[in-house]
2 protein chains.
Amino acid sequence: MTRSEENYIKTIFHIGRQGQEAVSTNSIAEQMETKPSSVTDMVKKLSDKNLVNYKRYQGVSLTDLGTKVALGVIRKHRLWEVFLVEKLDFSWDEVHEVAEQLEHIKSDKLIDRLDRLLNYPKYDPHGDPIPDKDGGFEERDKKLLSEVAVGEGGVCVGVKDSSASFLKFLDKNNIALGQFIQVLEMEEFDGSLVIGIGDSTRQISHQIAANLYVKIKE
Amino acid sequence: MTRSEENYIKTIFHIGRQGQEAVSTNSIAEQMETKPSSVTDMVKKLSDKNLVNYKRYQGVSLTDLGTKVALGVIRKHRLWEVFLVEKLDFSWDEVHEVAEQLEHIKSDKLIDRLDRLLNYPKYDPHGDPIPDKDGGFEERDKKLLSEVAVGEGGVCVGVKDSSASFLKFLDKNNIALGQFIQVLEMEEFDGSLVIGIGDSTRQISHQIAANLYVKIKE
DNA sequence: ACAAATTTTTAGGCAAGGCTAAGTTTGTGT
DNA sequence: ACACAAACTTAGCCTTGCCTAAAAATTTGT
């Protein structure tokens, strides 16, 4: 598997998660900042290698083999992210691009040992689940903060958007994984929320709330 | 810098260390398991980028800039080797090929933090010196075991050949860095040695002795 | 249902990095 | 000194992965 093939597979997996069905050429191209014609080329190659199901004009989906490959790459990416944060004191907005490089290192032993060094973590620094060696992972049951009823609250367990700018915003506002967030008020007009974190309260926009996952206390 | 360019630079540096002068196209090709014609192509490109001095038919040598690049890659390679051995319990014969991949990861922050995590090591698992951020490094004063006088001895500080087969041989014979080795006898006929390690003695060939570095006790 | 808009594919090219085969240049032996 | 071997370069071609422009298929609007 070349680096490029791995990146395509990973992208197809990520897009596929949102909408289940066949993934469009255009969406892949957009996500990867490349052109649709390049996608077509690569998709044919992946199809020849039995990594994707592909029929002209009908979009693409991962085969079982392709899914396995995708989960392998994602496992590596997320383990490296944990390493960067836990062992090298990177902040959660700095890890992505380095992990994009590290995820392509080929060595099973390396990744198994890394897993051990990190104590077999189940989630990465953004709260996303880390697949195990066989591709299995536990998706936490979580809710977007924007969908939590007024008066309710939960522990922050993840972010939907993990762009550096969003993560930096959260840092600035002392919002971090593991923190308890309570929804105190919700403004009908724009969907903005007043939330309580620890002893203080804040006003956050709907956009922010729609990118924060919390786990509701049962 | 592409991965390939970095590999050429690194190879030119390593060959240049042995013989000082301009490095031949053929020796680069041989070392890199590629063809001389490919080397010529790449060398031209490196010359355009001011990384090497090159005149047709006259061999090639690194410029100051090229040397800096080489030391940077070597620093990364050796730090990763230390990481693999110290943190992930790789043995010293397993680290090379993984480090070959890791050395091309681009992130200054990553490498500085890795250096810190490992406590600023000065030598890699084979006893080779690790350049610091500015490219400076301390070459230990050491001697090949084959050049040590009978009756003398020293602490094993490095290997000249770091191929997996040689390193495994050393493991099998309980020879490791840090161990005190004494030359007890030397066979004139084939240059083989009888050496003492700890409480036991062993017979080793000249070939082995000529690939082991020791530091003579002053 | 059918023309227009959109999406996707094909055709043809480009740069990187490699190869083989065919020249050049340099070095060597006598 | 000069012929020949060895070393090196050039020329031309290949694959990967990407691009633009143009053609084909699909979807959409009415």
*How does protein contact run along nucleotides 3-10 of chain D, one letter per nucleotide 5' to 3', with B for base contact, S for sugar-phosphate only, - for none, heavy atoms under 4.0 Å?*
----SBBB

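As rounded to whole Å, 11 Å separates atom P of D:dC19 from atom CE of A:Met42. Atom P of nucleotide D:dT16 and atom CZ of B:Arg3 are separated by 18 Å, given to the nearest angstrom. Rounded to whole Å, atom P of D:dT16 lies 17 Å from atom CG of A:Asn7. If you take NZ of A:Lys35 and P of C:dT8, they are 15 Å apart, rounded to a whole angstrom. Here the P atom of nucleotide C:dA15 and the CG atom of B:Asp48 are 15 Å apart, to the nearest Å.
Tested against A:Val95 for a side chain to side chain contact (heavy atoms under 4.5 Å, CB included), the candidates A:Val82, A:Leu84, A:Leu88 yield a single pass: A:Leu84.
Applying the ring pair (Phe, Tyr, Trp, His ring centres under 6.0 Å) test to B:Tyr8 and every residue at least two apart in sequence or in another chain returns nothing. With sequence neighbours excluded, no residue forms a side chain to side chain contact (heavy atoms under 4.5 Å, CB included) with A:Glu33. Scored by the ring pair (Phe, Tyr, Trp, His ring centres under 6.0 Å) test, A:His126 finds no partners at all (sequence neighbours excluded). Applying the salt bridge (Lys or Arg N to Asp or Glu O under 4.0 Å) criterion to A:Lys44, with sequence neighbours excluded, gives no partner residue.
Listed by first and then second residue, the ring-ring contact (aromatic ring centres under 6.0 Å, His included) pairs involving residues 41-80 of chain A are A:His77-A:His96, A:Trp80-A:Phe83 (not counting sequence neighbours).
Between A:Ser4 and the phosphate of D:dT16, there is no side-chain N or O to OP1/OP2 separation shorter than 4.0 Å. Taking only side-chain nitrogens and oxygens, B:Thr2 never comes nearer than 4.0 Å to OP1 or OP2 of C:dA16. Not one side-chain nitrogen or oxygen of A:Tyr8 sits closer than 4.0 Å to the OP1 or OP2 atom of D:dT16.
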